[in-house]
Each structure stands twice: as structure tokens, then as C-alpha cells.
Amino acid sequence: MADLTDDSGRAPGPERGAYAVDYRLIADLVARVIGGRVPEHAATVLGWASYWTGMCTPGRDALLVACTVALHGSGCGAVEFDTEAPDVDRRSGLVTLRAKVRCGSEADITVQSLIREPVPGPDPAELAAVLPPSQRLADRTVLVVGGSRGLGAAVSLGLASQGARVLVSCTRAPEVLAASSHTYRDHLWPVLADVSDGWALGAALPDGPLDGLVLLAAPAIPTLPLAPDAVEPAAQFMAASTRLIFGPLAVCAPRLRDGATVVLVSSEAVHTPPQFWPHYVAAKAAVEGIAEYLAHHHPWRIVVARPPRLWTDLTNTPGGRAASHPIAPVAADIVGAFTPEPPGAGGVSILGAGGCPRPWPTLSEEVRDAGNPRLEQVLR
């Protein structure tokens with residue numbers, strides 16, 4: 001591996017090899033998604049560019065931003081490739097790779113990608129500054145759906161810091177959370193299951209009642225305009241988002257005590273909709289509709305959180321950090337929702353846009369402009 005922030009680091013040199021795609025699968029996917037056809041030689045060349053960027057150079061944290069292809073012939077089957085040593089701009093994280101492919105098809109390719117800064121796990125010290133450790137939630141059991149990374153990990157850690165037993169629902173071992181939570185490890189219980197599958201979640205949950213539920217899981221957010229070819233992916237996104245709410249609710253309803261707190265995470269996007277996220281706004285509006293239903297038909301305290309843009313895996317673009325809000329204050333307010341509600345309160349309580357009496361802080365200009373924040377950025 002080569003460290004992009006270290007001038008002494010050695011980037012990969014020229015490389016060569018062979019690559020092939022399953023053209024039948026690619027053709028079926030293209031026909032299903034856009035209703036068109038892609039020639040086999042073009043599919044192979046573009047497939048190689050995508051594969052090499054995401055799996056080799058730069059690798060996992062890359063974001064493909066441009067690809068220029070000069071085709072010199074056509075054909076079928078695998079291609080052989082030769083790459084030049086990549087050009088690396090350590091200040092911006094821009095990586096430019098040039099390659100030649102031949103055999104099945106011949107082409108000169110230039111691929112440009114940006115290194116995304118890996119999203120760190122929750123910072124216990126930052127969280128403690130806005131949520132001092134206590135035992136006010138001792139003897140409470142709370143299930144956090146989507147609690148292993150991003151805002152969910154911070155909420156899980158915050159609940160544990162208040163003495164709660166936290167069931168962390170996730171699809172794989174919560175390594176990011178575990179690395180940040182040595183002090184509260186005994187309070188964090190991983191629940192490995194696909195929460196959109198109610199039967200799987202029910203089988204994975206330990207026996208016993210629940211005092212609270214936090215619903216944070218969400219699918220990856222594509223950029224989709226209001227256009228005919230975006231109808232199907234938009235509908236699929238909204239369906240996937242809804243399943244991540246209905247699945248846990250269906251399983252947890254019989255387990256939630258009377259007076260339990262249920263937090264559904266929406267977004268400030270319902271008030272300030274992003275231009276190319278109509279599907280996301282619709283999905284979050286559905287979350288808030290479900291919250292109203294729960295408040296009318298179940299003896300639970302219902303809270304909707306509308307966080308601003310946060311720096312998470314779902315929004316990890318090269319400029320994502322500068323445009324994002326700190327996670328700790330949002331997590332602290334969500335954990336604070338589990339304190340007793342004053343008598344006479346009812347309906348849906350709102351945290352964030354349109355509800356929270358105090359705005360969540362933004363990153364200061366000093367933080368935004370504090371030089372190159374990339375830590376341990378690597379090639380390969």
C-alpha cells in the first residue's frame with residue numbers, strides 16, 4: 001500500500017493482466033435498467049475501468065469521477081491490459097490512471113477517481129462532551145436498528161454510556177463500533193440479521209421485553225431525477241426503505257413495553273428537499289406517516305428525528321465532511337429522548353427541523369479549512 005499523505009510512500013507502478021465480464025449478465029442488466037443494449041467490447045472495457053478503480057487502484061475508498069475511452073477496434077471475450085503508474089495529487093486526492101487494453105477489444109483508457117476519506121467511528125470523548133456518562137438508563141433494554149455505523153453507532157454508544165443494555169442490529173459484525181466502545185463493551189449486544197426480513201430479526205433477537213427502539217437503517221441513496229427511466233429504481237428505493245421500518249416494527253411490537261420510546265429517524269430533507277432526491281424525500285415522509293400511525297394506535301412515546309446532513313457512509317463524497325454537521329449532538333438528543341416525558345405529552349415529538357428548540361451546530365470554518373484531513377489514505 002502507498003500512503004497518499006506521505007511523499008515517501010510508493011504508489012503502484014505499471015501493471016498488467018487479463019479481465020473478462022459475464023456479458024450475458026451485463027446485457028440483461030442494461031436491458032432491464034435503461035432498456036438499451038451495450039456492445040460486448042464496450043461492456044468489457046467499461047467493466048474493467050470500474051473494477052480496477054474500485055478493487056485495485058485506488059481501491060475501496062475510491063469514487064470514480066471520469067472515464068475517457070478511445071476504442072480502436074471491437075471484438076469479444078477477455079482483454080489484456082497494461083497500466084501506467086498512476087498520477088496522484090496528494091492535496092486533492094485525485095488519482096489519474098492510464099491504460100491500454102487489447103485482444104477482445106482495443107482501447108486507450110484514462111480513469112480519474114477521488115479518494116474518499118474513510119468515515120471514522122464514533123468518538124467517545126466528543127460524545128461525552130455533549131452527553132456526560134451516567135446511569136440514568138440503567139435496567140433499560142433498547143434495540144438500535146442500523147446501530148453499527150455512522151449516526152447509529154453514535155446512538156448505540158450514547159445509550160450504552162447512560163447504562164442501557166443496547167441490542168445493536170446489523171448485517172455484519174460491528175467492527176467500527178467495537179473499536180470505539182471498549183469502555184461500554186458489556187452494554188453492547190450485536191444482533192446479526194437482515195432487519196427487512198422480520199422472521200430473521202425475530203430469530204436473532206434475545207428473549208425479553210424492550211424499553212425502546214431506534215430505527216436508523218436505510219438503503220444507499222441513488223441520485224434520481226423525475227424522469228421515466230427513474231420510476232422503477234425510485235419505487236425500489238422507497239420499498240426497500242419502508243421494509244427497513246416495517247420489518248423491525250412488526251417484530252418488536254409485541255415486545256415493547258407500554259410507555260416504551262420509539263425513535264424513527266427521518267431527515268431535514270422533508271423540509272428542504274434536495275433537487276435529485278425525490279425518492280428519498282418520499283421515503284422519509286412515509287417514515288413520518290408511520291410515526292403518526294404509531295402515536296395513534298400504540299401506547300408508546302413516539303419521536304421523529306430530522307437530522308441535517310451528517311458525515312456517514314451514505315453521504316461520503318469527497319466534499320462530504322465540509323458540508324456535514326457533527327454527529328455527536330444529534331446522537332445526544334436522540335439518546336435524551338429516552339428520559340421520562342412530562343405528564344400530558346402526546347402525539348409525535350420532533351427533533352430537528354421544525355421541532356427542536358435549539359439548532360444542531362454546524363462545522364466551523366476553522367474545521368472546514370484545517371488543511372488536508374485525509375488520514376492514512378492509500379493506494380491498493
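Predicted model only: the values in this text are computed from it and were never measured.
Environment of CG in Asp139: sparse, with no more than 12 heavy atoms of neighbouring residues, nucleotides or ligands closer than 6.0 Å. Surrounding CH2 of Trp189 are at most 12 heavy atoms belonging to other residues, nucleotides or ligands under 6.0 Å away. More than 12 non-hydrogen atoms from other residues, nucleotides or ligands lie less than 6.0 angstrom from NE2 of His72.
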Contacts table for residues 236-253: side-chain donor-acceptor under 3.5 angstrom, sequence neighbours left out:
unit_1	atom_1	unit_2	atom_2	d
Gln236	NE2	Glu232	OE2	3.2
Thr242	OG1	Met238	O	2.8
Arg243	NH2	Ser196	O	3.1

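Proximity of Glu292 to His296: side-chain heavy atoms (C-beta onward) are separated by under 4.5 Å at one or more points. Leu210 is listed as a side-chain neighbour of Leu167, based on a closest heavy-atom distance under 4.5 Å. Using a 4.5 Å cut-off on side-chain heavy atoms (C-beta onward), Pro206 and Arg165 make contact. Leu131 is listed as a side-chain neighbour of Gln162, based on a closest heavy-atom distance under 4.5 Å. Counting only heavy atoms from C-beta outward, the side chains of Val155 and Val263 never approach each other to under 4.5 Å. With a 4.5 Å cut-off on side-chain heavy atoms, Ile327 and Pro122 do not count as touching. For the pair Cys76 and Tyr23, the minimum side-chain heavy-atom distance is 4.5 Å or more. Looking at heavy atoms from C-beta onward, Cys67 lies in side-chain contact with Ile109 at the 4.5 angstrom threshold.
The heavy-atom pair separating Ser169 from Leu143 by the smallest distance is CB-CD1, 3.9 Å. Scanning both residues, Gly163 and Gln135, for their nearest heavy atoms gives CA-OE1, 3.8 Å. Val195 and Ala217 get closest at one heavy-atom pair: CG2-CB, 4.5 Å. The shortest non-hydrogen separation linking Asp194 to Ala200 is O-CB, 4.2 Å. In plain terms, the two heavy atoms of Thr171 and Ala193 that are nearest each other are CG2-O, 3.8 Å. Taking all atoms of both residues into account, the shortest heavy-atom contact from Pro225 to Ala230 is O-CB, 3.3 Å.
Between Tyr19 and Phe81, the distance from one ring center to the other does not fall under 6.0 angstrom.
Val270 and Val330 are members of different hydrophobic clusters when ILVMFWY side chains are connected at heavy-atom separations under 4.5 Å. Hydrophobic clustering (ILVMFWY, side-chain heavy atoms < 4.5 Å, transitive): Tyr51 and Leu71 are in one cluster. Grouping the Ile, Leu, Val, Met, Phe, Trp and Tyr side chains by contacts below 4.5 angstrom, directly or via other members, places Leu192 apart from Leu213. Both Val79 and Met55 are assigned to one and the same hydrophobic cluster, defined by single-linkage of ILVMFWY side chains at heavy-atom distances under 4.5 Å. Note: the hydrophobic cluster containing Leu64 also contains Val101 (ILVMFWY, side chain heavy atoms under 4.5 Å, direct or indirect links).
Here the side chain of Thr339 pairs a donor or acceptor atom with the backbone of Gly336 at under 3.5 angstrom. Remark: the backbone N or O of His271 is not paired with any side-chain donor or acceptor of Arg306 at under 3.5 angstrom. Put simply, the side chain of Ser156 never gets that close to the backbone of Val168: no donor and acceptor are under 3.5 Å apart.
Between atom OG1 of residue Thr261 and atom CZ of residue Phe338 there is a gap of 5.5 Å, rounded to the nearest 0.5 Å. Here Arg16 contributes atom CZ and Lys100 contributes atom NZ; the two are 13.0 Å apart, rounded to the nearest 0.5 Å. Note: His279 NE2 to Leu226 CG = 10.0 Å, rounded to the nearest 0.5 Å. A distance of 10.0 Å separates OG1 in Thr53 from CG in Leu63, rounded to the nearest 0.5 Å. For the atom pair CG of Leu351 and CG of Asp333, the computed distance is 6.0 Å after rounding to the nearest 0.5 Å. Atom CH2 of residue Trp48 and atom CD of residue Glu80 lie 13.0 Å apart, to the nearest 0.5 angstrom.
Between Trp277 and Tyr280, the ring planes lie perpendicular to each other; the angle is over 60°, past the 30° to 60° tilted range.
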- [ ] Report the C-alpha separation of Arg255 and Leu205 in whole Å, then their side-chain angles, then the decisive distance to 0.1 Å, and conclude whether the side chain to side chain contact (heavy atoms under 4.5 Å, CB included) test is met.
- [x] CA-CA 10 Å; Arg255 301 171 183 246; Leu205 279 176; 3.8 Å; yes
Open item on the list: Let's go through Asp87 and Arg98 carefully: what are the C-alpha distance in whole Å and the side-chain angles of both, what is the deciding distance for side chain to side chain contact (heavy atoms under 4.5 Å, CB included) to 0.1 Å, and is it a yes or a no?
Closed with: CA-CA 9 Å; Asp87 295 329; Arg98 297 175 179 84; 2.9 Å; yes
Open item on the list: Does Thr83 form a side chain to side chain contact (heavy atoms under 4.5 Å, CB included) with Trp52? I'd like the steps, not just the answer.
Closed with: CA-CA 10 Å; Thr83 73; Trp52 197 257; 4.2 Å; yes
Open item on the list: Run Leu159 and His187 through side chain to side chain contact (heavy atoms under 4.5 Å, CB included) and show every step you take.
Closed with: CA-CA 9 Å; Leu159 288 166; His187 291 266; over 6 Å; no
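Contacts of Asp229 classified as side chain to side chain donor-acceptor pair (under 3.5 Å), with partners at least two apart in sequence or in another chain: none.
Taking a cutoff of 4.0 Å between a charged side-chain nitrogen and a carboxylate oxygen, Asp211 and Arg257 qualify as a salt bridge.
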